[in-house]
J.: 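Below is one structure. I have some questions about it.
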Amino acid sequence: MSEKKIVRYHLERHKWPDEIEAEKKKKRKKIGFVFICVICFLSGFVANQYVGRAKVFQDKEFLKLSKVYDIMRNQFYFGKDKTNMNEQLINGAISGMVNAGGDIHTAYMNKDDSKSFTSSMEGSVVGIGVTMYSFDDHTFIISDILKNSPAEKAGVMPGDQIVAINGKDVTSKKIDDVVKLVTGKSGTEVKIEFVRGKEHFQKNIIREKVFGTVFSNIKDDVAKIELRTFAQTSGEEFGVHLKDIEKSGVKNLILDLRGNSGGYLNSALEIASYFIGDNEVIFQEDDHTGNVKQYRTLQGFKKYQFDKIIVLVDQGTASASEALTGALKEQANAIVVGNQTYGKGTVQIPLPFEDGSMLKYTIGEWMTPSGKKINKVGIKPDVNVDQEKAFITPMPKLEKEVFYPDTVNLAASSVQIYLDFLGYHVDRTDGYFSVASSKALQKFQADNGLIADGNIRAEVCKSLVSKMIQKQKNESYTYDLQLKKAMEIATKN
């Protein structure tokens, strides 16, 4: 299952299969020479390591660190109350050094965080095949259903709200807890209770292995591919969707990279290689020594031709998404539509440790094919389009508060904007909860099986957001203003 909260993954660099094979051939040719050199190398290596470490241990700052570590481990009073004190001290010291670098994209991850990060990048998981949003850490609303997934077969729909799993209420849990409850072994059953408007129902769904990074559909001779992240499987998934699109004879393509915060660089290379000619530069990397490495299209990839390629971006488009956007803009004449991108133009690589932890650190900045750096700048769209106001207005975080008519409160403006989008007449959206706004809310409550008292409370806000998602997903080409503009461009002669 691909149920998940929105998380940022960062651009990573790996060796490609052709590079690995080339290295193997080179090693076979020089194996005799290498064998002779190994003895000399090891001798020098050991000596160098000894000298290097000696210098470190003699460094005054390191001696101070060692002294503090010794005190905290053996003399710190509250240390006796800690479990795995030694491990906590080491992890804390490493995290402190990493954070001191001042780079938000360089991070030390413990075993659990590292495992979660790695598994999230694999691209496949055993679950029911949905994505969902958590608006307040206690409200879980389905946003998308994967094609041919267990959820689709069971009749689950965008906008459905999960309220219980296997008979246990989840409205007091975090989204990570919900994901763990829904995922499991392939072939096992999970019982999920949903709320859809006035309806409360349960679905018994058999878990399966699903792939959840690429979505596609066709409308009015325009294909749309939505890429959620650059996982290990994304390049292959993308190719499958392109094959289906080619069979349909569609001539225009919309590539939706909104909210895609990046992932594996190799997947971005693979996807770009479907559209850009052989041996063309896709992006470049500037390392800490000032050397520039060029990444070119990968060999063996079929080329797909479209009359127009429109790339949708927003503030959540980052890292590998920006790299792909820049490449398609400069090398495939793609038209970029939406809002200015995030501006994450640095490259990270992972360093795993034997205990399962990992250091992910920045090694350079990447550039577009023409040499433009976008770090902290982003990519400016060719056509700027702001999204529908209702979908960029945060949901009020309410607990047990109730807001009545003829008051000014922080929740009122959001509720008024939501009601207006859903077609309920409100006289204002400025945060004054007028009597007219209360009457509009009362009608919404009555239409959706809620207590029709015209007052604002948490469950009303959740229901409003759920209905908005349903409306946008079911009529996205009308209410998704950025997608609507992309369609206009794609179909214009």
J.: Can you tell whether the side chains of E193 and K191 come within less than 4.0 Å, N to carboxylate O?
T.: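 No salt bridge links E193 with K191.
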J.: Any chance CD of Q340 has more than 12 other-residue heavy atoms, nucleotides or ligands included, within less than 6.0 Å?
T.: yes
J.: Does the side-chain contact (heavy atoms from CB on, under 4.5 Å) test come out yes or no for F301 and E270, once each step is laid out?
T.: CA-CA 8 Å; F301 279 72; E270 290 176 354; 3.5 Å; yes
J.: Any chance CD1 of I451 has more than 12 other-residue heavy atoms, nucleotides or ligands included, within less than 6.0 Å?
T.: no
J.: Does N74 reach the main-chain N or O of D70 with its side chain, forming a donor-acceptor pair under 3.5 Å?
T.: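 Present.
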J.: Is there a donor-acceptor pair under 3.5 Å between the side chain of E152 and the backbone N or O of P150?
T.: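 Not at all, since once roles are kept as given, no pair shorter than 3.5 Å links the two residues.
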J.: Yes or no on side-chain contact (heavy atoms from CB on, under 4.5 Å) for V460 and V415, after CA distance, side-chain angles and deciding distance?
T.: CA-CA 9 Å; V460 174; V415 168; 5.6 Å; no
J.: Under 3.5 Å, is there a donor-acceptor pair between the T213 and R228 side chains?
T.: no
J.: Looking at S95 and Y108, would you say the former's side chain and the latter's main chain have a donor-acceptor pair under 3.5 Å?
T.: no
J.: In terms of side-chain geometry, is the basic nitrogen of K185 or E208 positioned less than 4.0 Å from the acidic oxygen of its partner?
T.: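 No salt bridge links K185 with E208.
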J.: Going by heavy atoms in the side chains, are E330 and S370 under 4.5 Å from each other?
T.: yes
J.: Does K344 reach the main-chain N or O of T346 with its side chain, forming a donor-acceptor pair under 3.5 Å?
T.: yes
J.: With a 4.0 Å cut-off, would you call R258 and D256 a salt bridge?
T.: yes
J.: Compare all side-chain heavy atoms of F215 with those of K224 and state whether any distance is below 4.5 angstrom.
T.: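 Side-chain contact under 4.5 Å: no.
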J.: Just checking, K67 and Y69: is the charged tip under 6.0 Å from the six-membered ring centre and within 45° of the axis?
T.: no
J.: Can you check whether V182 reaches F140 side chain to side chain, under 4.5 Å on heavy atoms?
T.: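 V182 does not reach F140 side chain to side chain.
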J.: Would you please say whether a donor-acceptor pair under 3.5 Å links the side chains of Y295 and E285?
T.: yes
J.: What distance do I165 atom CD1 and I205 atom CD1 have between them, rounded to the nearest 0.5 Å?
T.: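 Between atom CD1 of I165 and atom CD1 of I205 there are 10.0 Å.
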J.: Can you tell me how far the CD atom of E322 sits from the CG atom of N260, to the nearest 0.5 Å?
T.: 10.0 Å
J.: With a 3.5 Å distance limit and no angle check, can you tell me whether T393 reaches the backbone of K389 through a side-chain donor-acceptor pair?
T.: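 Here the side-chain-to-backbone pair exists.
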J.: Kindly compute the distance separating CD (Q470) from CD1 (I141), expressed to the nearest 0.5 Å.
T.: 9.0 Å
J.: So, are D286 and K293 salt-bridged, with charged N and O less than 4.0 Å apart?
T.: no
J.: Does V214 offer a backbone N or O that forms a donor-acceptor pair with the side chain of E226 under 3.5 Å?
T.: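 Flag not set: sc E226 to bb V214 has no pair under 3.5 Å.
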J.: Using salt bridge (Lys or Arg N to Asp or Glu O under 4.0 Å) as the criterion, list what pairs up with K82, not counting sequence neighbours.
T.: none
J.: What do the steps show when you test N166 against V190 for side-chain contact (heavy atoms from CB on, under 4.5 Å), and what is the final call?
T.: CA-CA 6 Å; N166 292 328; V190 58; 4.0 Å; yes
J.: We want to know whether Q482 and N339 form a side-chain donor-acceptor pair, criterion being a heavy-atom distance below 3.5 angstrom.
T.: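 N339 and Q482 do have a side-chain donor-acceptor pair below 3.5 Å.
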J.: F194 versus V163: any side-chain heavy-atom pair under 4.5 Å?
T.: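 Heavy-atom side-chain distance check fails, nothing below 4.5 Å.
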J.: Supply the atom-to-atom distance S114 OG to F353 CZ, rounded to the nearest 0.5 angstrom.
T.: 10.0 Å
J.: Are the side chain of T183 and the backbone of V179 linked by a donor-acceptor contact shorter than 3.5 Å?
T.: yes
J.: Within 45 degrees of the ring normal and closer than 6.0 Å to the centroid, is that where the cationic atom of R457 sits relative to F403?
T.: no
J.: Let me see the working for M85 and E87 under side-chain contact (heavy atoms from CB on, under 4.5 Å), right down to the final yes or no.
T.: CA-CA 5 Å; M85 183 61 175; E87 181 180 349; over 6 Å; no
J.: Please check if the side chain of S273 supplies one atom and the backbone of L269 the other of a donor-acceptor pair under 3.5 Å.
T.: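 Yes, the answer is positive, given that a donor and an acceptor are paired below the 3.5 Å cut-off.
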J.: Quick one: pull up CG in L65 and CE in M97 and give me the separation to the nearest 0.5 Å.
T.: 6.5 Å
J.: So, K203 side chain and A154 main chain: donor-acceptor pair closer than 3.5 Å or not?
T.: yes
J.: Are the side chains of E365 and V347 in contact, using a 4.5 Å heavy-atom criterion?
T.: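 Contact flag for V347/E365 side chains = no.
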J.: When you compare the side chains of S466 and Q161, does any donor N or O come within less than 3.5 Å of an acceptor on the partner?
T.: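 No, no side-chain donor-acceptor contact under 3.5 Å.
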J.: Can you find a side-chain donor-acceptor pair between E237 and T233 that sits under 3.5 Å?
T.: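 On atom types as modelled, these side chains qualify, holding a pair under 3.5 Å.
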J.: Can you tell me how far apart CG (L265) and CZ (F230) are? Round to the nearest 0.5 Å.
T.: 9.5 Å
J.: Say whether, by atom type as modelled, one donor and one acceptor occur between the side chain of T106 and the main chain of N99 under 3.5 angstrom.
T.: no
